[in-house]
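To keep things clear, I will list the structure first and then write my remarks on it.
None of these values were measured; they are calculated from a predicted model.
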Amino acid sequence: MTGITKETEKKLQKYRDDFIHYVTDGKAPQLTHDIVQDDINYIYKKIGLAKPKIIIADSHLAEKLLMNHVIENEGLGEETIFQKNWEKVEEPAWNDAQQKIIKEYGEVKKFAQLCWEPLRATLEVNIASRVDRVERDQVGKGNYGTIDNIKDQFEQNGLKYKAKPKQHKFIEYNTGLVSQPAFVSFNYLRLFEGFKFTETFERVIDFLLKGIWSINHFEKHVFITRMPTKISLDQRNRISSTTDAAIKWRDGVEFNFIYGNHFEHDLWQKVVSKSMDLQQITSMTNVDQRMIAIDIKGYDELLTTENSKLIDKSKRGNQLYEVTGVLPNGRKQLFLKYKDLSTDRPMISEVPQQYTDPSTKQTVVLNTADKAMGWKFYLVEKRYAELKNES
């Protein structure tokens with residue numbers, strides 16, 4: 001073959017979507033120490049290390065709690081072996097697999113565009129990194145939330161539960177099912193196209209598919225997080241749910257996200273129930289959360305209030321509104337209503353009353369809808385008017 005056929009392209013896209021659901025719908029098996037013992041021993045033998053102690057957590061947050069406990073109480077000062085694992089085990093197998101794709105298809109780029117890059121965008125960027133960000137903040141504050149069966153998790157791993165650790169380190173080397181989707185994307189070629197990879201590469205794929213959210217390698221300890229039971233995504237593959245927690249772990253830890261943005265539960269409840277009034281919404285300090293709350297509440301309510309008036313409507317359909325008395329200090333606000341170019345749904349953005357044009361250093365007053373839309377495009381009104389198509 002000299003390239004990926006149209007038929008194979010369709011198969012790849014189906015596999016890609018099926019794998020996303022494998023991760024988000026909780027289809028991965030409930031892994032145990034026995035299930036992963038041989039895989040871990042195989043990796044450590046290739047690195048040249050003895051069998052490590054395996055510690056498995058039911059949530060990523062619990063893994064951090066277990067890790068900090070071991071660091072504090074067992075003196076875990078050993079070297080992390082993430083780099084050794086990559087250089088001695090994964091990288092050679094990965095390079096060999098890519099060479100097989102190049103030999104068969106002539107290139108690997110098309111396969112990457114169809115399969116592993118979309119998987120990475122969804123799993124590593126939209127899910128893993130956002131969850132990491134929330135948990136890193138909680139661990140830094142020493143807030144591990146409510147972990148219902150944390151004592152059981154300690155005992156199942158042969159650890160004696162004492163108390164929350166004094167250590168608040170967030171250690172993550174991003175090895176796992178959601179952070180290495182490129183590895184698992186080759187599983188399609190192995191299962192459906194009959195590709196033969198090295199024993200190491202196939203063992204890595206099988207290992208991750210057993211349900212590894214993340215794994216942290218140390219010389220004498222390995223910390224693993226099982227997969228969540230459910231991850232809710234919206235149509236754009238962002239973590240999001242307005243009816244329930246968007247991500248649920250096996251031990252009861254839950255996180256609320258809307259449109260890929262994290263909300264503390266109480267705030268999430270107020271937003272999705274639409275119980276916040278406009279003054280409360282527009283006084284929110286987090287801009288992303290504020291615009292999401294406005295979107296959930298409904299644009300029309302903001303722009304049909306008695307304190308709102310339409311300043312200008314352009315031929316392109318852009319509308320500029322002035323709203324007063326919504327913020328506690330009574331400050332005047334400008335809102336631009338326009339259509340999202342990809343979905344055609346109405347959107348609203350707060351825009352400044354004026355800005356400084358970086359090229360002329362002159363002050364531009366946003367008193368027309370197209371001036372405001374031009375500001376969003378980083379264009380003056382004249383240049384925006386010259387646009388034939390917006391994208």
Side-chain angles (χ1 to χ4, degrees), residues 126 130 133 234-236 238-240 242 257-263 267-268 270-272 274-391:
N126 280 355
R130 292 180 183 272
R133 199 177 308 156
D234 62 13
Q235 292 182 337
R236 294 170 60 183
R238 300 171 298 184
I239 312 178
S240 184
T242 57
F257 282 83
I258 306 175
Y259 307 162
N261 289 268
H262 176 252
F263 286 75
L267 178 59
W268 174 86
K270 291 177 182 177
V271 170
V272 299
K274 303 182 181 182
S275 61
M276 299 177 72
D277 60 35
L278 293 175
Q279 184 169 319
Q280 291 174 315
I281 291 176
T282 54
S283 63
M284 293 169 65
T285 55
N286 185 300
V287 176
D288 292 329
Q289 289 182 338
R290 184 170 73 224
M291 297 312 298
I292 290 169
I294 291 174
D295 182 67
I296 299 296
K297 184 78 171 179
Y299 302 118
D300 290 340
E301 183 165 345
L302 176 66
L303 300 182
T304 57
T305 175
E306 62 182 12
N307 295 325
S308 172
K309 67 177 181 179
L310 178 64
I311 296 178
D312 180 61
K313 182 177 181 179
S314 75
K315 293 180 180 180
R316 289 178 179 257
N318 303 320
Q319 300 175 45
L320 185 64
Y321 288 83
E322 180 183 279
V323 180
T324 58
V326 176
L327 289 179
N329 60 7
R331 180 174 64 85
K332 181 189 300 181
Q333 293 170 278
L334 294 181
F335 289 93
L336 176 67
K337 186 175 182 179
Y338 57 98
K339 284 188 177 181
D340 182 87
L341 297 172
S342 58
T343 64
D344 208 36
R345 63 193 290 261
M347 302 290 290
I348 185 172
S349 291
E350 185 175 1
V351 296
Q353 296 182 50
Q354 61 185 41
Y355 72 100
T356 301
D357 186 330
S359 59
T360 65
K361 307 302 181 185
Q362 294 182 340
T363 299
V364 179
V365 178
L366 297 186
N367 51 13
T368 70
D370 282 353
K371 272 187 182 180
M373 197 64 180
W375 172 81
K376 285 180 65 66
F377 277 106
Y378 302 99
L379 298 171
V380 294
E381 185 177 21
K382 183 177 182 295
R383 288 288 296 118
Y384 172 69
E386 293 171 351
L387 289 179
K388 300 298 182 183
N389 294 291
E390 299 176 30
S391 62

Apply salt bridge (charged side-chain N to carboxylate O under 4.0 Å, His left out) to R238 and list each qualifying residue two or more places apart in sequence or on a separate chain.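 D234.
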Could you pull out all residues at least two apart from R290 that satisfy salt bridge (charged side-chain N to carboxylate O under 4.0 Å, His left out)?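 R290: salt bridge (charged side-chain N to carboxylate O under 4.0 Å, His left out) contacts with E350.
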Note, K270 side chain near Q280 side chain (heavy atom, < 4.5 Å):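 No, side chains not in contact.
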Rounded at 0.5 Å granularity, tell me how far [atom1] in [X] sits from [atom2] in [Y].
X    : Y    : atom1 : atom2 : value
M291 : I348 : CE    : CD1   : 6.0 Å
L320 : K309 : CG    : NZ    : 11.0 Å
E322 : Q333 : CD    : CD    : 10.5 Å
I258 : I292 : CD1   : CD1   : 6.0 Å
Q319 : K339 : CD    : NZ    : 10.0 Å
N318 : K376 : CG    : NZ    : 10.0 Å

Short question: side chain of R316, backbone of D370 - any donor-acceptor pair under 3.5 Å?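 Judged by distance alone, no pair lies under 3.5 Å.
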Under 3.5 Å: donor-acceptor pair, side chain of K297, backbone of K274: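 Indeed, once roles are kept as given, a pair shorter than 3.5 Å links the two residues.
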Shortest non-hydrogen separation from [X] to [Y] and the atoms involved:
X    : Y    : answer
S240 : G260 : CB-N, 4.4 Å
L366 : Y355 : CD2-CE2, 3.6 Å
W268 : T242 : CZ2-C, 3.7 Å

Going by side chain to side chain contact (heavy atoms under 4.5 Å, CB included), [X] matches just one of [options]. Which one?
X    : options          : value
Y321 : L310, D312, L334 : L310
S349 : Y338, F335, W375 : Y338
Q289 : V271, I294, L267 : L267

Where do F263 and V272 land on the side-chain contact (heavy atoms from CB on, under 4.5 Å) test, with the steps shown first? CA-CA 11 Å; F263 286 75; V272 299; over 6 Å; no
Pair M276-M284, side-chain contact (heavy atoms from CB on, under 4.5 Å): steps then yes or no: CA-CA 11 Å; M276 299 177 72; M284 293 169 65; 3.9 Å; yes
Could you please spell out the steps behind the side-chain contact (heavy atoms from CB on, under 4.5 Å) verdict for I296 and Y259? CA-CA 11 Å; I296 299 296; Y259 307 162; 3.6 Å; yes
Restricting to pairs with a member in residues 275-285, which pass salt bridge (Lys or Arg N to Asp or Glu O under 4.0 Å), not counting sequence neighbours?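 Every candidate salt bridge (Lys or Arg N to Asp or Glu O under 4.0 Å) pair involving residues 275-285 fails, so no pair, neighbours aside, qualifies.
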